[in-house]
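Below is one structure; the comments refer to it alone.
Model, not experiment: these values are computed from the prediction. Just the heavy atoms: all of them, side chains too, but no hydrogens, waters or symmetry mates, feed the values below.
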Amino acid sequence: MSIKGKYLSLQLKRNIKLCPSILIVTVITMCALAIGVFLILTNTIGTDEGQKMKVGIVGDVTDSSLGVGLTAVKNIDSSRFSIELIEMERDDAIEAIETGEIHGFMDIPDDFIDGILKGRNYPATYVVKKGAMNFGSIITGEITGTVSDLVIKSQSSIYSMQNLARDHGMKKGLGKKTEQLNMSYINFVLNRGKIYDIETVGVADNLSLGAYYICAIILIMIMLWGISCYSIFTKKDMSLSKLLASRGIKPMHQVICEYISYFAITMLMVIFFAIVCTVVIENFEIAIAEIRGADMWDVMAFVIKMIPVVLMICALHMIIYEAVPNAVGAVLLQFIVSIGLGYLSGCFYPNYFFPDSIQNMAAWLPSGVGFSYLRKCISDADILRELISMFVYCIMFIFLAGVMRKYKTTGDN
């Protein structure tokens, strides 16, 4: 066996000896995350209350036309399955927004219906909590914009018909024709469910919320794995590296051997936790459709697909520890990088919460590429771009780590 092969073998043996302590730290972290994820998913998946949004209605709704409209929305329109309208006083509505009881409220002016009948604009106002940004706020904002466009364009078309009829001397029966046009619009809106096909696209890459966060947890755990493995990378000084360099093992070869041994021990841990997850899936009812009924072969197939992500993240860990020789500083940087990149890439909140500029940047970050790859592996989408990006990152990180090692080994003088 060559000296490089002996060094690789010694690194593997050393890492295996450190496995028990690494496993204890990792299990504690996994349990804490599992409890948090369980609480989140049980409160958001598979419950009507978690899916239905509450919106307040503020203003005088005693007007017969407005009252009939609200009754129709509450009892006939298909939106009743996703939105609950609650009539409230303004002070109560403001307090309900502050406590999170409702997502927002519609403030309807007293002359709203009278203005519509007379061709005047007394706009209703939709009020949300300042700075609020969550699923409900985004969805109700989209719905409000759609309803606003629908009302404005319907109103404009009715007045245009009336003006055109008057200009051509067709005033006779205009009231009846206006009523017929109004009813046509109302029927069109109430029956819109028959006009469109509904396609559930999920949070991202056609995944459900549960599957999306499963991918996020996997990525975050792999990134935080570097903290558990601090004992593998910590060095008191560079004496051993200099000795190895003098015996013919160049700094780049040292880094590659250490990287291979670190990747091997990481994959062993991934397989271990995959087996644990398989036992959970097979013995407990899982509310996530994408993984319900998965067996050992399905899980192992996904583990094999994860290899490019593990390769890239392991290389990222190596360059961080190589750049920061101090153990405390390296662990702190590992945590900051893991949480920061995970946040920007949508592991905590879907990235469409962020501005377009951040979304575009996050899509090319190591975490963004890895997260997208994991999602597409589940949804069976094209992964070529992510694969190329991950291998480029992997080679770049290993090369930079080798350059740093060479500088510290041979450039001290």
Full working for side chain to side chain contact (heavy atoms under 4.5 Å, CB included) between Met267 and Val303: CA-CA 9 Å; Met267 282 306 302; Val303 168; 3.9 Å; yes

CA sep, side-chain torsions, deciding dist, call: Trp364, Arg385, side chain to side chain contact (heavy atoms under 4.5 Å, CB included): CA-CA 10 Å; Trp364 292 101; Arg385 182 187 76 87; 3.3 Å; yes

Verdict with supporting geometry, Leu387 and Met390, side chain to side chain contact (heavy atoms under 4.5 Å, CB included): CA-CA 5 Å; Leu387 273 175; Met390 285 188 292; 4.3 Å; yes

Cys394/Tyr259 under side chain to side chain contact (heavy atoms under 4.5 Å, CB included): CA gap, chis, key distance, verdict: CA-CA 11 Å; Cys394 186; Tyr259 170 72; 3.2 Å; yes

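Heavy-atom minimum distance, Gly346 versus Tyr212: O-OH, 2.6 Å. Considering every non-hydrogen atom in both Cys347 and Leu219, the closest pair reads SG-CD2, 3.8 Å. Pairing each heavy atom of Phe371 with each of Ala216, the nearest pair is CE1-N, 3.4 Å. Nearest heavy atoms, Leu207 versus Ser379: CD2-CB, 4.1 Å. Residues Met252 and Ile398 come closest through the heavy atom pair SD-O, 4.0 Å. The minimum heavy-atom distance linking Val369 with Tyr393 is given by the pair CG2-CE1, 4.4 Å.
Interatomic distance, CG of Leu12 versus CD1 of Ile260, reported as 8.5 Å (0.5 Å rounding). Put simply, SG on Cys215 and OH on Tyr373 are 11.5 Å apart, with the number rounded to the nearest 0.5 Å. In this structure, NZ in Lys406 is found 12.0 Å from CD in Gln254, a value given to the nearest 0.5 Å. Lys376 contributes atom NZ, which lies 13.5 Å from atom CD1 of Ile378 (distance to the nearest 0.5 angstrom). Distance check, rounded to the nearest 0.5 Å: CD1 of Ile383 to CD1 of Ile388 gives 10.5 Å. Here the CD1 atom belonging to Ile24 is positioned 11.0 Å from the OG atom belonging to Ser228, to the nearest 0.5 angstrom.
Under a 3.5 Å cut-off, the side chain of Ser372 and the backbone N or O of Gly368 do not form any donor-acceptor pair. Under the 3.5 Å distance criterion, the side-chain polar atoms of Ser345 are left unmatched by any main-chain donor or acceptor of Gly342. Not a single donor-acceptor pair under 3.5 Å links the side chain of Asp92 to the backbone N or O of Met88.
At a threshold of 4.5 Å between non-hydrogen side-chain atoms, the residues Gln334 and Leu224 do not count as touching. The shortest side-chain heavy-atom distance between Ile304 and Met300 does not fall under the 4.5 Å cut-off. In this structure, the side chains of Asp356 and Gln359 come closer than 4.5 Å at one or more pairs of heavy atoms. Using a 4.5 Å heavy-atom cutoff, the side chains of Tyr343 and Ile220 are not in contact.
Atom CZ of Phe348 has more than 12 neighbouring heavy atoms from other residues, nucleotides or ligands inside a 6.0 Å radius.
Every residue meeting the side-chain contact (heavy atoms from CB on, under 4.5 Å) condition with Phe273, not counting sequence neighbours, appears here in chain and number order: Leu23, Thr26, Val27, Met30.
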Could you go through residues 305-322 and list every donor-acceptor pair under 3.5 Å that involves a side-chain atom there, pairing it with any protein atom two or more places apart or in another chain?
residue : atom : partner : partner atom : Å
His317  : ND1  : Tyr262  : OH           : 2.7
His317  : NE2  : Met223  : O            : 2.9
Tyr321  : OH   : Gly226  : O            : 2.6
Glu322  : OE1  : Arg405  : NE           : 3.4
Glu322  : OE1  : Arg405  : NH2          : 3.0
Glu322  : OE2  : Arg405  : NE           : 2.8
Glu322  : OE2  : Lys408  : NZ           : 3.1

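Ser367 pairs with exactly one of Leu341, Leu344, Ile222 by the side-chain contact (heavy atoms from CB on, under 4.5 Å) rule, that one being Leu341.
Side chains of Trp225 and Thr266: a donor-acceptor N/O pair is present below 3.5 angstrom, by distance only.
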